[in-house]
Every structure is written in C-alpha cells, then in structure tokens.
Amino acid sequence: MNVLDFARAFFSDSAHWHGYDGIPTRFAEHIRYSLEALLIAAVIALPVGLLTGHTGRGGNALALIATAGRALPSFGLLVLMFTWIGFGMLPVMIPLVVLAVPPILVTTYEAVRSVDPSPVDAARGMGMPEARVLLQVEVPVALPLILGGLRTAAIQIVSTATIAAYISFGGLGRYIIDGLYQKNYEKVVGGATLVAGLALATLAVFWAVSRLTVSPGVRRGG
C-alpha cells in the first residue's frame with residue numbers, strides 16, 4: 001500500500017469519525033491546544049514587540065531571546081517539563097509558547113521599526129501622546145507584518161502540538177503516536193494528513209483576517 005491508500009483507508013473507516021477517538025473530537029482538541037498556546041504567546045510577545053519597536057530600544061536583547069527560543073528543541077523541552085512539573089497541560093503549553101514567542105516578538109518589533117517616520121513625526125508634532133502614536137499611526141501600517149509573525153507562530157504551533165499525545169493528551173498527534181506504537185500506518189498517515197490540512201486552513205484564516213483588517217492602502221503599499 002502507498003501513502004494514498006493508507007489515507008483513503010483511514011478516512012473511509014467510519015470508526016474514525018465517532019467517539020472519543022474520532023476525528024471531530026481529536027480535531028477540536030488540537031485546535032484548542034493551538035489556540036491556547038497562540039493566545040498566551042501573543043499576550044507575552046505583542047506588547048513587548050510593540051513597545052520596543054516604538055522606542056527603538058532592546059532590539060539586540062530581542063534578537064538574543066529569539067535565537068535562544070528557536071534553539072530549544074520542543075520535544076526535549078516537553079520531556080523536561082513533564083519530568084519537572086508532572087502530568088498536566090502546563091508541560092505541553094510551555095514548549096508550544098516558547099516556540100511561538102520568537103516569531104511574534106521579532107516580527108512585531110521589525111514591523112514597527114519599519115514604519116515610515118514621516119507620519120510618526122507629524123503625529124508627535126501635533127501633540128499626539130506616544131500611546132496614540134503607536135496604536136493609531138504605527139500599528140495600522142505595521143499590521144501586515146505583525147499578522148505575518150502571528151501566522152508563522154500559528155503554523156509552528158499547529159505542526160508541533162502533536163507532541164501533546166506523547167504524554168497521553170489528545171489532539172491529532174494521538175493518531176500519529178498510537179499508530180507508530182501499534183504499527184498502524186493508516187493512523188500515522190491519517191493523522192499527518194489532518195495536521196497538514198489544519199496548517200493549510202490556518203494559512204487561509206490568516207489570509208482572510210488580513211483582508212478584513214489591513215486597509216487597502218497599506219496592502220497596495222506593501
């Protein structure tokens with residue numbers, strides 16, 4: 001059997017569409033893990049990236065933090081956290097958040113720094129407070145790049161959230177881990193196909209969000 005045969009057999013089996021181990025349940029679990037990790041990472045990284053980008057200070061420190069975060073292996077960090085903290089969602093969330101923070105942080109910083117200084121200086125010349133300069137002048141122009149950083153982080157989380165299954169949680173990684181253990185390659189291929197499909201769906205969601213939130217003038221300018 002080839003990969004297409006394995007995938008066809010997996011998705012045509014009605015047992016995979018019902019119950020606690022059914023595709024809808026595992027899909028919902030995977031989305032929940034991914035959204036929670038992305039939200040936590042965004043809450044941490046967006047304010048820091050916006051503030052440092054606006055002030056122009058801390059760029060070197062952000063680069064060091066991003067490099068360190070990217071160098072940490074997610075699976076190794078999961079095992080370490082599980083050994084240290086024990087069973088629960090926290091050992092899963094920590095490596096996913098660590099993975100997602102660097103692209104959001106660095107891209108947000110670079111996005112704000114890349115804004116044309118002319119309108120920023122004009123806003124300050126009109127007496128606009130710094131918070132309004134950031135939120136009303138810099139962020140709208142930087143939004144495409146900021147969304148790009150969030151998109152990158154979301155794709156990485158969706159692809160890596162399969163590690164939750166390693167410590168007996170659910171999600172689409174359950175099919176991959178269980179399939180490898182059982183030597184059931186239909187499950188392995190089916191789980192991998194679902195993860196890839198969810199990653200593509202994530203790209204589509206961010207494309208739609210960008211179309212709705214980024215002004216046409218900024219899109220044309222980019």
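Put simply, the side chain of Thr52 gets close to the backbone of Gly49: a donor and an acceptor are under 3.5 Å apart. The main-chain N or O of Phe11 is found under 3.5 Å from a side-chain atom of Trp17 such that the two form a donor-acceptor pair.
With hydrophobic clusters built from ILVMFWY side chains whose heavy atoms lie under 4.5 angstrom apart, Leu51 does not share a cluster with Val112. The same ILVMFWY cluster, assembled from side-chain heavy atoms under 4.5 Å apart, contains both Ile44 and Tyr33. Leu172 and Ile177 fall into different hydrophobic clusters, defined by Ile, Leu, Val, Met, Phe, Trp and Tyr side-chain heavy atoms under 4.5 Å apart, directly or through other members. Residues Val3 and Ile176 share a hydrophobic cluster, clusters being chains of Ile/Leu/Val/Met/Phe/Trp/Tyr side chains in contact below 4.5 Å.
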(message) Walk me through whether Arg26 and Asp21 qualify under side-chain contact (heavy atoms from CB on, under 4.5 Å).
(response) CA-CA 6 Å; Arg26 296 305 187 197; Asp21 197 38; 2.9 Å; yes
(request) Show your working on side-chain contact (heavy atoms from CB on, under 4.5 Å) between Asn184 and Asp178 and close with a plain yes or no. (result) CA-CA 8 Å; Asn184 183 340; Asp178 290 349; over 6 Å; no
(request) Begin from the C-alpha positions of Leu39 and Leu35 and carry the test side-chain contact (heavy atoms from CB on, under 4.5 Å) through to its verdict. (result) CA-CA 6 Å; Leu39 178 61; Leu35 286 176; over 6 Å; no
(message) Could you walk me through whether Lys187 and Phe6 satisfy the side-chain contact (heavy atoms from CB on, under 4.5 Å) test, starting with their C-alpha distance in whole Å, then the side-chain angles of each, then the deciding distance to 0.1 Å, before giving a yes or no?
(response) CA-CA 8 Å; Lys187 275 190 173 184; Phe6 283 131; over 6 Å; no
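With values rounded to the nearest 0.5 angstrom, Leu145 atom CG is found 7.5 Å from Thr107 atom OG1. The CZ atom of Arg113 sits 14.0 Å away from the OG1 atom of Thr108 when rounded to the nearest 0.5 Å. In this structure, CD1 on Ile104 lies 11.0 Å from CG on Leu147, to the nearest 0.5 angstrom. Note that the CG atom of Leu150 and the CD1 atom of Ile155 stand 11.5 Å from one another [nearest 0.5 Å]. Note that the CG atom of Leu194 and the CD1 atom of Ile23 stand 5.0 Å from one another [nearest 0.5 Å]. Note that CG of Leu99 is 11.0 Å distant from OG1 of Thr152, once rounded to the nearest 0.5 Å.
Residues Leu38 and Ala153 share a closest heavy-atom pair of CD1-CB, 4.1 Å. Annotation for Ile146 and Ala111: closest pair CG1-CB, 3.9 Å, computed over non-hydrogen atoms. For the pair Val101 and Ala45, the tightest heavy-atom approach, listed with the atom from each and the gap, is O-CB, 3.9 Å. Contact detail for Ile163 and Pro95: the closest heavy-atom pair is CD1-CG, 4.1 Å. Considering all non-hydrogen atoms of both residues, Gln156 and Pro103 come closest at OE1-CG, 3.7 Å.
Salt bridge Arg32/Glu29: absent, no basic N to carboxylate O contact under 4.0 Å.
Contact of the Arg174 side chain with the Thr25 side chain is not registered, since no non-hydrogen atoms from C-beta on lie closer than 4.5 Å. With contacts defined as side-chain heavy-atom distances shorter than 4.5 Å, the pair Val188/Lys183 does not qualify.
Qualifying side-chain hydrogen bond (donor to acceptor under 3.5 Å, both in side chains) partners for His16, counting only residues two or more places apart in sequence or in other chains: none.
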Please list every donor-acceptor pair under 3.5 Å in which a side-chain atom of residues 132-143 meets a protein atom from a residue at least two apart or in another chain.
| unit_1 | atom_1 | unit_2 | atom_2 | d |
| --- | --- | --- | --- | --- |
| Arg132 | NH2 | Gln136 | OE1 | 3.4 |
| Glu138 | OE1 | His54 | ND1 | 2.6 |

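Annotation: ring pair (Phe, Tyr, Trp, His ring centres under 6.0 Å) contacts involving residues 171-215, sequence neighbours excluded, comprise Phe10-Tyr175.
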